[in-house]
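To start, the structure under review is shown below, and the notes come after it.
Counting starts at 1 for both ligands and their atoms, following the listed order. Quick caveat: nothing in here was measured; it's all calculated off a predicted structure. All values below were derived from every heavy atom in this structure, side-chain atoms included, with hydrogens, water molecules and symmetry-related copies excluded.
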Amino acid sequence: MSTPAYKRVLLKLSGEALMGGDAFGINRATILRMTEEIHGIVSLGVQLAVVIGGGNIFRGVAPGAQGMDRATADYMGMLATVMNGLALQDALKNHGVDTRVQSALNIDQVVERYIRPKALRYLEEGKVVIFAAGTGNPFFTTDTAAALRGAEVGAEIVLKATKVDGIYSADPNKDPNATRYSRISFDEAIVRRLEVMDATAFALCRDQKLPIKVFSINKPGALRRVVCGEDEGTLVQV
Ligand SMILES: Nc1ncnc2c1ncn2[C@@H]1O[C@H](COP(=O)(O)OP(=O)(O)O)[C@@H](O)[C@H]1O
Ligand SMILES: O=c1ccn([C@@H]2O[C@H](COP(=O)(O)OP(=O)(O)O)[C@@H](O)[C@H]2O)c(=O)[nH]1
C-alpha cells in the first residue's frame, strides 16, 4: 500500500484532458478513467482540490472566438469550466466520491459560489472540492486559478495533469530533440519561456513557494505516483 507524500494537493485538470481522443467535448471513457485515478488518491486519505479547465468546450483565444471581444470570449471559457466541473462531479458521484463544486462566477441555481472557509471545511471533511470558472476574471487562465486556489487552500503542491509527461527544453510537440527536465526552478522556467504553464501561474507559485508537478494525464497510475512523491513528470520549485 503506497503512502501519500502530501496531506492536501491541488490538481489542475485541463479541459482538453477530458476530450480523450475526441476533437472536442467530454469523452466518457476518459472521464471514467480520470475519476478512477482520483478515487484512488482520495482513498489514500489525501485532501483534494481540483481546478478544472474548459479548453475542450471553449477557449477565449481559439479561432472560434475570432472577432469576438476578448473579455466576452473569456467569460464563455469560464462558463465552459463550470460544465466540466459538473460533469466531473457527476462522474465522481458514481464512484462514491463526495464532491462539491464551487464557482468563481455566481450562478446560484447551478453551483455553489466560491467561499474559501467553506471550501476549507469540505477539504477537512474529506470531500473533493472542484473549483470552476477559473479566477472569475477575463485575461487569466485556469493554470493561474490553480496557483491562486492552491495558495488559498494551503495545498502543499499544485499538480498539473496535462497532455505531456513533464516540462521539456522546448515544446515536445514541435521539437523532437527536446529533453525532459526532472526538476527545474521557477526562474529557469520563466526565463526560458517554457510554455507548458503561463508566466502568471509560475510567478504566483514562485512567490508563495508553492511547488508544481507537471505530469501526463494519459499515463495510468501517474497521479498516484506523483501523490506518493515518486519520480514522475517534472517538479518546479524555488
Ligand atoms: N517546454 C515545454 N515543455 C512541455 N510542454 C510544452 C513546452 N512548451 C510548450 N509546451 C506545450 O504545452 C502544452 C501543455 O500546455 P497547455 O496546452 O496550456 O495545457 P493544458 O491544456 O493541459 O492546461 C503541451 O501539450 C505542449 O505542447
Ligand atoms: O481565470 C480564468 C480562467 C479561464 N478563463 C477562460 O477560460 C478558458 C478555458 O480555460 P483554460 O484555457 O485555462 O482551460 P484548459 O486549457 O485547462 O482546458 C480560457 O481560455 C479563458 O478564455 C478566463 O478568462 N479566466
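Here is the list of ligand 2 atoms found below 4.0 Å of a heavy atom in M78: 4 (C), 5 (N), 6 (C), 7 (O), 23 (C), 24 (O), 25 (N). Close approach of ligand 2 to P138 (heavy-atom distance below 4.0 Å) involves ligand atoms 24 (O). When each atom of ligand 1 is checked for a heavy atom of Y168 under 4.0 Å away, the hits are 1 (N), 2 (C), 3 (N), 4 (C). Close approach of ligand 2 to E16 (heavy-atom distance below 4.0 Å) involves ligand atoms 18 (O). Heavy-atom proximity to G53, at under 4.0 Å, picks out these atoms of ligand 2: 14 (O), 15 (P), 17 (O), 18 (O). The contact set between ligand 2 and T135, taken as ligand atoms under 4.0 Å from a residue heavy atom, comprises 1 (O), 2 (C). The contact set between ligand 2 and G55, taken as ligand atoms under 4.0 Å from a residue heavy atom, comprises 14 (O), 15 (P), 18 (O). Of all atoms in ligand 1, numbered sequentially from 1 with element shown, those under 4.0 Å from a heavy atom of T162 are 14 (C), 19 (O), 20 (P), 22 (O).
Nearest protein heavy-atom neighbour of atom 14 (O) of ligand 2: G54 N, 3.1 Å. The protein non-hydrogen atom at the shortest distance from atom 12 (O) of ligand 2 is R59 NH1, 2.8 Å. The nearest protein atom to atom 5 (N) of ligand 2, hydrogens excluded, is given as F140 O, 3.4 Å; this is a heavy-atom distance. The closest protein non-hydrogen atom to atom 19 (C) of ligand 2 is G60 N, 4.1 Å. What sits closest to atom 8 (C) of ligand 2 on the protein, heavy atoms only, is G77 CA, 3.7 Å.
In this pair, F186 and F202 present their aromatic rings perpendicular. The plane angle is above 60°, beyond the 30 to 60° band.
With respect to T144, the side-chain hydrogen bond (donor to acceptor under 3.5 Å, both in side chains) criterion is satisfied by exactly one of T135, D198, T200: D198. Among the candidates L10, T99, L11, the single residue satisfying the side chain to side chain contact (heavy atoms under 4.5 Å, CB included) test with L48 is L11. Each of I217, V226, T234, D143 was compared with K160 under the side chain to side chain contact (heavy atoms under 4.5 Å, CB included) criterion, and only D143 meets it. Across T81, I52, V153, V101, a single residue satisfies side chain to side chain contact (heavy atoms under 4.5 Å, CB included) together with F131, and that is V153.
Using a cut-off of 4.0 Å between Lys/Arg side-chain N and Asp/Glu carboxylate O, R149 and E152 are scored as salt-bridged. K163 and D165 are not joined by a salt bridge, as no carboxylate oxygen comes within less than 4.0 angstrom of a charged side-chain nitrogen. A salt bridge is absent between K213 and E232; no separation between the charged side-chain nitrogens and carboxylate oxygens falls under 4.0 Å. Salt-bridge annotation for E230 and R224: absent, with no side-chain N of the basic residue lying under 4.0 Å from a carboxylate O of the acidic one.
Ligand 1 does not have G53 within reach: every non-hydrogen atom of the residue lies 4.0 Å or more from it. Ligand 1 has A170 within reach: a non-hydrogen atom of the residue lies less than 4.0 Å from it. In this structure, K174 falls outside the shell of residues with a heavy atom less than 4.0 angstrom from ligand 1. Ligand 1 lies nowhere less than 4.0 angstrom from a heavy atom belonging to R192. Using a 4.0 Å heavy-atom cutoff, G166 is listed among the residues neighbouring ligand 1.
Contacts between K12 and ligand 2, counted as non-hydrogen atom pairs separated by less than 4.0 Å, involve the side chain only. Counting heavy atoms under 4.0 Å from ligand 2, residue S14 touches it through both backbone and side chain. Heavy atoms of V196 found under 4.0 angstrom from ligand 1 belong to the backbone as well as the side chain.
To the nearest 0.5 Å, the span separating CD1 on I130 from OG on S103 amounts to 12.0 Å.
Between K163 and ligand 1, at least one N/O pair is under 3.5 Å apart. Inclusion of E16 in the set of residues having an N or O under 3.5 Å from an N or O of ligand 1 is not warranted.
With D143, T141, T144, N84 as candidates, the residue nearest to atom 3 (C) of ligand 2 on a non-hydrogen basis is T141. Of all the listed residues (N173, D171, L13), D171 holds the heavy atom that lies closest to atom 10 (N) of ligand 1. Relative to atom 11 (P) of ligand 2, the option among T142, V61, D198 with the closest non-hydrogen atom is T142. When L148, D74, L79 are ranked by how near their heavy atoms come to atom 22 (O) of ligand 2, first place goes to D74. Considering only non-hydrogen atoms, atom 25 (N) of ligand 2 lies nearest to N137 out of T200, L13, N137.
Between Q102 and R113 the shortest side-chain heavy-atom distance does not fall below 4.5 Å. For the pair E156/V9, no side-chain contact is recorded, criterion being any heavy-atom separation below 4.5 Å from C-beta on. The closest side-chain heavy-atom distance from V128 to V50 is below 4.5 Å.
Within a 6.0 Å radius of CD in E36, more than 12 heavy atoms belonging to other residues, nucleotides or ligands are found.
The closest side-chain donor-acceptor pair between Q47 and Y122, if any, does not fall under 3.5 angstrom.
In this structure, atom 13 (C) of ligand 1 has no protein heavy-atom contact shorter than 4.0 Å.
Clustering ILVMFWY residues whenever any of their side-chain heavy atoms sit less than 4.5 angstrom apart, transitively, puts L105 in a cluster other than the one holding L148.
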